[in-house]
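Contents: one structure, followed by commentary.
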Amino acid sequence: MATKTKVTKTKATKTKKKKTTKASQNGKGNSSHPIMKGRDIIVKALENEGVEVIFGYPGGTSMEIHQGLTLSKQIRMVLPRHEQGGSFAAGGYARSTGKVGVCMATSGPGAVNLLTGIIDAKMDSIPLVAITGQVPSPLLGSDAFQETDIIGATFPLVKHSYLIQNLEEIPRVINEAFNIAKSGRQGPVLIDIPKNIQQQEGIPNFDVKFNIPSYRPNLDPSVGQIKKAVHAIMESKRPIIYSGGGIVSSGASKELRAFVKKTGIPITTTVMGLGSYPSEGPGSLRMLGMHGAVYANIAINHADLVLAFGVRFDDRVTGKLAEFIKDAQVIHIDIDATEINKNIFANIPIQGDLKRALKLLNGLVGAKKDIKPWVDQVMAWKKEFPLEYTLHEKDIVPQHVITELNKLAEKNAIVSVGVGQHQMWAAQFWNFDEPNNWLCSSGLGAMGFGLPAAMGAKVAFPNREVINIEGDGSFLMNIQELQTLNIEKIAVKNVVLNNAHLGMVAQWEDRFYKSLRGHTYLGDANFAEIAHAFGVKAESISKPEEVKPALKRMLKHKGPYVLDVKYPYNDKARGHVMPMIPSAHTYLDTFLDSEHTLRQYWKKKGIEK
Ligand SMILES: Cc1ncc(C[n+]2csc(CCOP(=O)(O)OP(=O)(O)O)c2C)c(N)n1
């Protein structure tokens, strides 16, 4: 190891021999603890936060903590084969459990490899604690071997970060990090710990109480605003619910369902909100946005009242902002006040926790019997513009693979995806029943997310089915995690929708660049052979009749599995994710098929908008 470690002696190290010295005798609080090494204090503090698993990759400045972790009876260590895999796995664990996910890396290259997972957690408001080893504090700022200013590098990407300066603050900082990650608008917190502090000895005080005066997220919505919302809801004639990841984060899915049942208002969800309401539930309009259902996009743009619950009016949903829901009043409820009025003006802004807000609303709203004509109209659109695909005689159709898998899988299976066409097809055709079962890098859209995120969820739920549906490009980005699946016996089922292309980019090339391929051809890879090399059972298929039996074999197998599904990348006529609203356009510009827009279709029918 090239790093020279200089251990600074603290008062505590000098009193080393008195193993049972009371902390209070040293003026350090009331709890009684023996002298401990910094690394063991870190482990104990993590145990105190209820940590069950850490996805950590060691190196010179973090191996001390790994040594401490070998002694923990509570914490399972999973060694990802790349730190990015570890950061996504921690995200997958957090998304599926609702608890804080933890990843760890050494300084410099290890820490930097965590960045994508950290940003993913920030964009999708996922609770994550990332721990990084750092060069010994006397070397900080000297460009020491593997020194990277990870606090500086992650400054705009985290909810909060800490550089631990002395051993005494370890229990408080770890407690704060977990509390910050999972309170208010959830997100990632980084803790950078110099190696000398991991090696020092001292008397810890674990008697910490979370109290940061400048950080008190308000959870309680204003009752006055809730009453205004109730009035607007009861007055409205064409209301719609637009539900997002905030419902999932706040655990408000039950309250949302009660609200829909009570009022009878139709509901559409964002990609982050999938599962917050059953895809096939009464009044469900499935997903809206660029590749959302045509009827969801038509409905929201004809509404007189939009109930925006835990959403952020992302551009993939709104398209051309100035035209989006321009005739509707908006009730926007969000835990984060900065989201309200960010993209769209809210007539009734409500800051607070969605679960609390919905509980209040449920106590005050009544059945909306007067919206029957509106609901009938919305359901007629749903019939007129179904999400569908065409089977092919010779080739496997990816949407069909997803539909068949959905039928064969357990009802509460957890589904993970990469980024691209396969991701959107899974969002369109999988039927979600419960929240936290959908692992999707939504805001960041990070390829390489699917396999490690599924790994994190499977560690959390070893007895549930966890299925990763990934494109070949996305799968290649963290394919090394197949080894983790094999060695750690993590039985994730992987379906690689292998079209030998970066399909989604090729789709845009077809549509906007006359099909000129700008480095979007990957070439065929035999993922079954690759999986075998990692010791993972696998097979490749390419014929439509092979789909169902192969899916059954995969699900029946006890261990991890890779099903390589080869299908040709196809052009506009049948290879594209449809429908599609080109970015910065309106719902009227939706391509219903490869050539025709909604505007043209309606014009033919004499409907002018
Ligand atoms: C890390 C990363 N690099 C690049 C992109 C841009 N990108 C978005 S989709 C896509 C193609 C994905 O291909 P594949 O995983 O094979 O899925 P497909 O679209 O073919 O289903 C690319 C390159 C991205 N989202 N993430």
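Ligands are counted one by one from 1 in listed order, and the atoms in each one are counted from 1 as well.
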Touching ligand 1 at all, G448? Heavy atoms, strictly under 4.0 Å?
-> no
With under 30° as parallel and over 60° as perpendicular, where do the rings of F512 and W508 fit, or are they tilted in between?
-> perpendicular
Hey, which atoms in ligand 1 end up nearer than 4.0 Å to a heavy atom of D472?
-> 16 (O)
Going by atom types only, do N436 and S96 share a side-chain donor-acceptor pair under 3.5 Å?
-> no
Residue H422 vicinity, atoms of ligand 1 by number, heavy atom under 4.0 Å | 15 (O), 17 (O), 18 (P), 21 (O)
Where on H501 is there a heavy atom closer than 4.0 Å to ligand 1, on the side chain, on the backbone, on both, or on neither?
-> backbone
Using distance alone, determine whether L522 and ligand 1 share an N or O pair under 3.5 Å.
-> no
Does V419 have a non-hydrogen atom less than 4.0 Å from ligand 1?
-> yes
Atom pair CG/CZ of D315 and R312 - distance to nearest 0.5 Å = 8.0 Å
Apply ring-ring contact (aromatic ring centres under 6.0 Å, His included) to Y601 and F385, showing your working.
-> CA-CA 11 Å; Y601 172 84; F385 302 101; 5.5 Å; yes
Examine G445 against ligand 1 and note whether any of their N/O atoms are separated by less than 3.5 Å.
-> yes
NZ/NE/NH1/NH2 to OD/OE distance under 4.0 Å, D589 and K320 = no
Atom indices of ligand 1 within 4.0 angstrom of G420 heavy atoms, with elements = 9 (S), 19 (O)
Nearest to atom 6 (C) of ligand 1, what protein heavy atom do you find, and at what distance?
-> M447 SD, 4.2 Å
Record the part of N499 in heavy-atom contact with ligand 1 below 4.0 Å; permitted values are side chain, backbone, both and neither.
-> side chain
Atoms in ligand 1 flagged as close to M504, the criterion being non-hydrogen separation under 4.0 Å | 9 (S), 19 (O)
Under 3.5 Å: N/O of S474 near N/O of ligand 1 | yes
Distance in Å, L482 CG paired with Y561 OH, rounded so as to fall on 0.5 Å steps | 13.5 Å
Aromatic centroids of H576 and F591 separated by under 6.0 Å = no
Could you tell me whether some N/O pair between G473 and ligand 1 is separated by less than 3.5 angstrom?
-> yes
Do E470 and N494 get their side chains close enough for a donor-acceptor pair, meaning under 3.5 Å?
-> no
Looking only at heavy atoms, which two atoms of V311 and S243 are closest? And how far apart?
-> CG1-C, 3.6 Å
For atom 13 (O) of ligand 1, which candidate among L502, V496, V577 provides the closest heavy atom?
-> L502
Ligand-residue contact atoms, ligand 1 with G503, heavy atoms, under 4.0 Å = 13 (O), 18 (P), 19 (O), 20 (O)
Numbering the atoms of ligand 1 from 1, which are under 4.0 Å from a heavy atom of Q421?
-> 18 (P), 19 (O), 21 (O)
When rounded to the nearest 0.5 angstrom, what distance separates OH in Y389 from CD1 in I402?
-> 9.0 Å
Is the cationic atom of R517 (NZ for Lys, CZ for Arg) positioned less than 6.0 Å from the six-membered ring centroid of Y521 and within 45 degrees of its normal?
-> no
For G471, atoms of ligand 1 separated by under 4.0 Å from a heavy atom = 14 (P), 15 (O), 16 (O), 17 (O)
Does any N or O atom in A446 lie less than 3.5 angstrom from one in ligand 1, N or O only?
-> no
